[in-house]
Amino acid sequence: LVLAVVNLTQAADPNAVAAAHRSKKMEGVVTKIEARAMVFDQFLEVIYVATQQSGLPSLIYKIQPRTLDPYGMARMQSRGLHKEIVMGLEISPNSRRLYVLCALGDQPLIV
C-alpha cells in the first residue's frame, strides 16, 4: 500500500512530482493488499483507509494526513464462512461517526 501527497494546484505542471513517503509495514498485512475506500475527517484531521486482502476481513487504518503515518487499525469481523468486506466509508459531520458499508455474503451491512 503506497500513500502519497499530491499538490493539486500543480496537477497541470508536467514537472511536478508527488511526495511519496517511505514504505511502512502495516499491521495485519499478510498477503497482497488493495485499498477499497478512503475518507478524510477534517474535524479530527485523520484519513481512514479501508483495505482488503484475499480471503480475509477488511482492515481500516487511521492515517495521520501530514506525515502519512498509520496510527491505528480496526479489523472487520468474520461471521461463519463470510467475511465483512468494506465497500464504502462515510463520515457524518453532525454525529461525528464513521459509517462503514460492508458486504457480508449476499447482504449489505452498515457498521
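Quick caveat, the model's predicted, so the values are computed rather than measured.
Listed for the Gln42 side chain is no donor-acceptor partner under 3.5 Å among the backbone atoms of Val46.
For Gln64, the side chain to side chain contact (heavy atoms under 4.5 Å, CB included) partners two or more places apart in sequence, or in a different chain, are Arg66, Thr67, Tyr71. Checked against side chain to side chain contact (heavy atoms under 4.5 Å, CB included), Leu59 has the following partners two or more places apart in sequence or in another chain: Thr51, Gln53, Tyr61, Met73, Arg75. Applying the side chain to side chain contact (heavy atoms under 4.5 Å, CB included) rule to Ser92 yields the partners Asn94, Ser95, Tyr99; only residues at least two apart in sequence or on another chain are considered. Residues meeting the side chain to side chain contact (heavy atoms under 4.5 Å, CB included) test with Met38, sequence neighbours left out: Ile47, Val49.
The side chain to side chain contact (heavy atoms under 4.5 Å, CB included) test with Tyr48 singles out one residue from Ile63, Val100, Ile91, and that residue is Ile91.
Two residues are said to be in side-chain contact when any heavy atoms from C-beta on lie closer than 4.5 Å; Pro65 and Phe40 meet this criterion.
Applying the salt bridge (Lys or Arg N to Asp or Glu O under 4.0 Å) test to pairs two or more places apart or on separate chains, none has a residue in residues 56-65. For residues 92-103, the salt bridge (Lys or Arg N to Asp or Glu O under 4.0 Å) pairs, not counting sequence neighbours, are Asp41-Arg96.
We find the OG-CZ distance between Ser58 and Arg36 to be 6.5 Å, quoted to the nearest 0.5 Å.
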Return all side-chain donor-acceptor pairs below 3.5 angstrom for residues 80-90, not counting sequence neighbours, or 'none' if the list is empty.
residue, atom, partner, partner atom, Å
Glu84, OE1, Gln77, N, 3.1
Glu84, OE2, Arg79, NE, 3.1
Glu84, OE2, Arg79, NH2, 2.9

